[in-house]
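Small disclaimer: the values here were computed from a predicted structure and weren't measured. Remember, it's 1-based here, ligands and their atoms both numbered in the order they're listed.
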Amino acid sequence: MKGRVIMKAKIVYASLTGNDEDIADMLEEDLQDYGFETDSSDVSFADASEYEDADLCIFITYTYGEGTMTDDLADFYDQLKDIDLNGKAFAVMGSGDKTYGEHFCENVFDFEKAFKKCGAKEITAPVTIENAPDDDDIALIDQAAKEMNEKLNG
Ligand SMILES: Cc1cc2nc3c(=O)[nH]c(=O)nc-3n(C[C@H](O)[C@H](O)[C@H](O)COP(=O)(O)O)c2cc1C
(Lines give C-alpha, C1' and ligand atoms only; values in the text may rest on other atoms or scores of the structure.)
Protein backbone atom coordinates (compact mmCIF):
# COMPACT_ATOMS: atom_id res chain seq x y z
CA MET A 1 0.00 0.00 0.00
CA LYS A 2 1.27 3.44 -0.89
CA GLY A 3 2.14 5.56 2.12
CA ARG A 4 -0.47 8.23 2.63
CA VAL A 5 0.26 11.48 4.39
CA ILE A 6 -1.61 11.53 7.68
CA MET A 7 -3.47 14.80 8.11
CA LYS A 8 -3.29 16.41 11.53
CA ALA A 9 -6.38 18.08 12.99
CA LYS A 10 -6.10 20.33 16.03
CA ILE A 11 -9.40 20.96 17.82
CA VAL A 12 -9.75 23.67 20.44
CA TYR A 13 -13.09 23.99 22.22
CA ALA A 14 -14.64 26.38 24.73
CA SER A 15 -17.36 24.83 26.85
CA LEU A 16 -18.80 25.66 30.26
CA THR A 17 -21.81 23.34 30.48
CA GLY A 18 -20.55 20.61 28.14
CA ASN A 19 -22.43 21.19 24.88
CA ASP A 20 -19.40 22.35 22.92
CA GLU A 21 -17.22 19.68 24.49
CA ASP A 22 -19.73 17.09 23.22
CA ILE A 23 -19.56 18.61 19.73
CA ALA A 24 -15.75 18.52 19.86
CA ASP A 25 -15.78 14.86 20.98
CA MET A 26 -18.13 13.86 18.14
CA LEU A 27 -16.13 15.68 15.50
CA GLU A 28 -12.86 14.27 16.83
CA GLU A 29 -14.23 10.72 16.67
CA ASP A 30 -15.46 11.27 13.10
CA LEU A 31 -12.08 12.64 12.01
CA GLN A 32 -10.26 9.73 13.62
CA ASP A 33 -12.53 7.34 11.71
CA TYR A 34 -11.41 9.10 8.51
CA GLY A 35 -7.77 8.57 9.46
CA PHE A 36 -6.88 12.01 10.77
CA GLU A 37 -4.42 12.29 13.62
CA THR A 38 -6.29 14.46 16.13
CA ASP A 39 -5.51 16.49 19.19
CA SER A 40 -8.22 18.23 21.20
CA SER A 41 -7.83 20.82 23.98
CA ASP A 42 -9.99 22.98 26.17
CA VAL A 43 -9.37 26.63 25.28
CA SER A 44 -8.25 27.36 28.86
CA PHE A 45 -5.27 25.03 28.41
CA ALA A 46 -4.51 25.70 24.73
CA ASP A 47 -2.26 28.17 22.98
CA ALA A 48 -3.09 29.31 19.46
CA SER A 49 0.47 28.50 18.34
CA GLU A 50 -0.52 24.79 18.63
CA TYR A 51 -2.36 25.26 15.32
CA GLU A 52 0.99 25.77 13.60
CA ASP A 53 1.66 21.99 13.67
CA ALA A 54 -1.76 21.11 12.21
CA ASP A 55 -3.14 20.85 8.67
CA LEU A 56 -6.70 21.44 9.85
CA CYS A 57 -7.47 24.02 12.57
CA ILE A 58 -10.83 23.70 14.28
CA PHE A 59 -12.42 25.97 16.87
CA ILE A 60 -15.67 25.07 18.62
CA THR A 61 -17.20 27.58 21.00
CA TYR A 62 -20.10 28.67 23.17
CA THR A 63 -21.35 32.27 23.11
CA TYR A 64 -22.24 33.87 26.44
CA GLY A 65 -23.32 37.36 27.41
CA GLU A 66 -24.69 38.59 24.09
CA GLY A 67 -21.47 37.89 22.29
CA THR A 68 -19.06 39.47 24.77
CA MET A 69 -16.08 37.16 24.94
CA THR A 70 -15.25 35.38 28.17
CA ASP A 71 -11.67 35.95 29.35
CA ASP A 72 -10.67 32.51 28.03
CA LEU A 73 -12.00 33.33 24.58
CA ALA A 74 -10.52 36.84 24.52
CA ASP A 75 -7.05 35.51 25.46
CA PHE A 76 -7.14 32.92 22.69
CA TYR A 77 -8.49 35.46 20.20
CA ASP A 78 -5.55 37.76 20.99
CA GLN A 79 -3.07 34.90 20.54
CA LEU A 80 -4.49 34.17 17.09
CA LYS A 81 -3.58 37.69 15.95
CA ASP A 82 0.11 36.74 16.05
CA ILE A 83 -0.21 33.43 14.18
CA ASP A 84 0.34 32.76 10.48
CA LEU A 85 -1.94 29.95 9.27
CA ASN A 86 -1.36 30.35 5.54
CA GLY A 87 -1.70 27.04 3.70
CA LYS A 88 -3.88 25.52 6.43
CA ALA A 89 -7.57 24.72 6.46
CA PHE A 90 -9.90 25.85 9.21
CA ALA A 91 -13.46 25.27 10.40
CA VAL A 92 -15.56 26.77 13.17
CA MET A 93 -18.60 25.37 14.98
CA GLY A 94 -20.48 26.10 18.12
CA SER A 95 -23.52 25.99 20.27
CA GLY A 96 -25.72 28.92 21.20
CA ASP A 97 -29.29 29.81 21.94
CA LYS A 98 -31.58 31.46 19.38
CA THR A 99 -33.38 33.43 22.09
CA TYR A 100 -30.29 35.68 21.95
CA GLY A 101 -31.39 36.80 18.48
CA GLU A 102 -28.68 38.57 16.52
CA HIS A 103 -26.13 37.36 19.06
CA PHE A 104 -26.86 33.69 18.27
CA CYS A 105 -23.46 31.95 18.09
CA GLU A 106 -21.78 35.34 17.67
CA ASN A 107 -18.42 34.10 18.96
CA VAL A 108 -18.39 31.35 16.31
CA PHE A 109 -18.44 34.08 13.67
CA ASP A 110 -15.88 36.21 15.54
CA PHE A 111 -13.44 33.31 15.28
CA GLU A 112 -14.33 32.61 11.65
CA LYS A 113 -13.13 36.15 10.86
CA ALA A 114 -10.02 35.74 13.03
CA PHE A 115 -8.95 32.55 11.19
CA LYS A 116 -9.41 34.27 7.84
CA LYS A 117 -7.11 37.07 9.02
CA CYS A 118 -4.50 34.41 9.89
CA GLY A 119 -4.51 33.30 6.24
CA ALA A 120 -6.26 29.96 6.74
CA LYS A 121 -8.81 28.74 4.20
CA GLU A 122 -12.30 27.83 5.39
CA ILE A 123 -12.97 24.19 4.57
CA THR A 124 -16.62 23.85 5.69
CA ALA A 125 -19.38 26.33 6.47
CA PRO A 126 -19.80 27.14 10.17
CA VAL A 127 -22.02 24.63 11.97
CA THR A 128 -24.22 26.37 14.54
CA ILE A 129 -26.18 24.28 16.99
CA GLU A 130 -29.02 25.16 19.34
CA ASN A 131 -27.87 24.19 22.84
CA ALA A 132 -27.20 20.42 23.15
CA PRO A 133 -26.72 18.66 19.79
CA ASP A 134 -29.75 16.63 18.67
CA ASP A 135 -29.85 13.98 15.92
CA ASP A 136 -30.10 16.57 13.13
CA ASP A 137 -27.11 18.45 14.56
CA ILE A 138 -25.10 15.24 14.84
CA ALA A 139 -25.81 14.65 11.13
CA LEU A 140 -24.43 18.15 10.40
CA ILE A 141 -21.26 17.41 12.38
CA ASP A 142 -20.85 14.07 10.55
CA GLN A 143 -21.40 15.82 7.20
CA ALA A 144 -18.79 18.47 8.01
CA ALA A 145 -16.26 15.76 8.92
CA LYS A 146 -17.04 13.98 5.64
CA GLU A 147 -16.35 17.17 3.68
CA MET A 148 -13.11 17.76 5.60
CA ASN A 149 -12.02 14.25 4.69
CA GLU A 150 -12.96 14.62 1.02
CA LYS A 151 -11.14 17.94 0.69
CA LEU A 152 -7.98 16.97 2.58
CA ASN A 153 -7.69 13.23 1.94
CA GLY A 154 -9.75 12.82 -1.20
C1 LIG B 1 -25.97 33.90 30.78
C2 LIG B 1 -26.01 33.27 29.41
C3 LIG B 1 -25.78 34.06 28.30
C4 LIG B 1 -25.84 33.51 27.02
N5 LIG B 1 -25.63 34.30 25.92
C6 LIG B 1 -25.74 33.78 24.68
C7 LIG B 1 -25.56 34.59 23.51
O8 LIG B 1 -25.30 35.79 23.57
N9 LIG B 1 -25.68 34.00 22.29
C10 LIG B 1 -25.95 32.67 22.14
O11 LIG B 1 -26.05 32.21 21.00
N12 LIG B 1 -26.12 31.87 23.23
C13 LIG B 1 -26.01 32.38 24.48
N14 LIG B 1 -26.17 31.57 25.57
C15 LIG B 1 -26.43 30.14 25.36
C16 LIG B 1 -25.17 29.26 25.41
O17 LIG B 1 -24.19 29.68 24.49
C18 LIG B 1 -25.56 27.82 25.07
O19 LIG B 1 -26.34 27.31 26.12
C20 LIG B 1 -24.39 26.88 24.80
O21 LIG B 1 -24.90 25.62 24.44
C22 LIG B 1 -23.48 26.73 25.98
O23 LIG B 1 -22.37 25.97 25.57
P24 LIG B 1 -21.50 25.07 26.57
O25 LIG B 1 -22.41 23.99 27.14
O26 LIG B 1 -20.45 24.45 25.71
O27 LIG B 1 -20.95 25.96 27.62
C28 LIG B 1 -26.11 32.11 26.85
C29 LIG B 1 -26.33 31.32 28.00
C30 LIG B 1 -26.28 31.88 29.25
C31 LIG B 1 -26.52 30.98 30.45
Which atoms of ligand 1 sit under 4.0 Å from any heavy atom of [X]?
X: Glu66; value: 5 (N), 7 (C), 8 (O)
X: Gly67; value: 8 (O)
X: Cys105; value: 10 (C), 11 (O)
X: Leu16; value: 24 (P), 26 (O), 27 (O)
X: Phe104; value: 11 (O)

Heavy-atom nearest neighbour in the protein, as seen from [atom], with distance rounded to 0.1 Å:
atom: atom 23 (O) of ligand 1; answer: Asp20 OD2, 3.0 Å
atom: atom 5 (N) of ligand 1; answer: Gly65 N, 3.1 Å
atom: atom 6 (C) of ligand 1; answer: Thr63 O, 3.0 Å
atom: atom 9 (N) of ligand 1; answer: His103 O, 3.0 Å
atom: atom 20 (C) of ligand 1; answer: Ser95 OG, 3.4 Å
atom: atom 25 (O) of ligand 1; answer: Thr17 OG1, 2.4 Å
atom: atom 18 (C) of ligand 1; answer: Asn131 OD1, 3.4 Å
atom: atom 31 (C) of ligand 1; answer: Tyr64 CE2, 3.8 Å

| Which class fits the ring pair Phe115 and Phe90: parallel under 30°, tilted 30 to 60°, perpendicular over 60°? |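 The arrangement is parallel - the two ring planes meet at less than 30°.
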| request: Return a yes/no value for Glu21: is any of its N or O atoms, backbone included, closer than 3.5 angstrom to an N or O of ligand 1? | output: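 There is no such contact.
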| task | Please say whether Ala132 places an N or O atom under 3.5 Å from an N or O atom belonging to ligand 1. | result |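 No; the residue has no nitrogen or oxygen that sits under 3.5 Å from a nitrogen or oxygen of the ligand.
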| task | Report the residue from Thr70, Thr17, Asp97, Asn107 that forms a side-chain hydrogen bond (donor to acceptor under 3.5 Å, both in side chains) with Tyr62. | result |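 In the set Thr70, Thr17, Asp97, Asn107, the residue that makes a side-chain hydrogen bond (donor to acceptor under 3.5 Å, both in side chains) with Tyr62 is Thr70.
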| query | Just heavy atoms, cut-off under 4.0 Å: does Tyr100 contact ligand 1 by side chain, backbone, both, or neither? | reply |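 The part of Tyr100 near ligand 1 is the side chain, not the backbone.
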When you check the side-chain N and O atoms of [X] and [Y], is any donor under 3.5 Å from an acceptor?
X: Glu147; Y: Thr124; value: no
X: Lys10; Y: Ser40; value: no
X: Glu106; Y: Thr63; value: no

| task | Give a yes or no answer on whether the side chain of Asp20 reaches the backbone of Ser95 with a donor-acceptor pair at less than 3.5 Å. | result |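 Yes: the side chain of Asp20 pairs with the backbone of Ser95.
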| Okay, side chain of Asp47, backbone of Glu50: is any donor-acceptor separation there less than 3.5 Å? |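 Side chain of Asp47 to backbone of Glu50: no pair is present.
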| request: Report yes or no: is the cationic atom of Lys98 (NZ for Lys, CZ for Arg) closer than 6.0 Å to the six-membered ring centre of Phe104, at no more than 45° off its axis? | output: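 Yes - Lys98 lies over the ring of Phe104, closer than 6.0 Å to its centre and within 45° of its axis.
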| So, do Phe59 and Tyr51 have ring centers that fall under 6.0 Å from each other? |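 Aromatic pair excluded; centres sit 6.0 Å or further apart.
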| Would Asp55 and Lys8 pass as an ion pair if we require N to O under 4.0 Å? |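 Answer for the salt bridge query: no.
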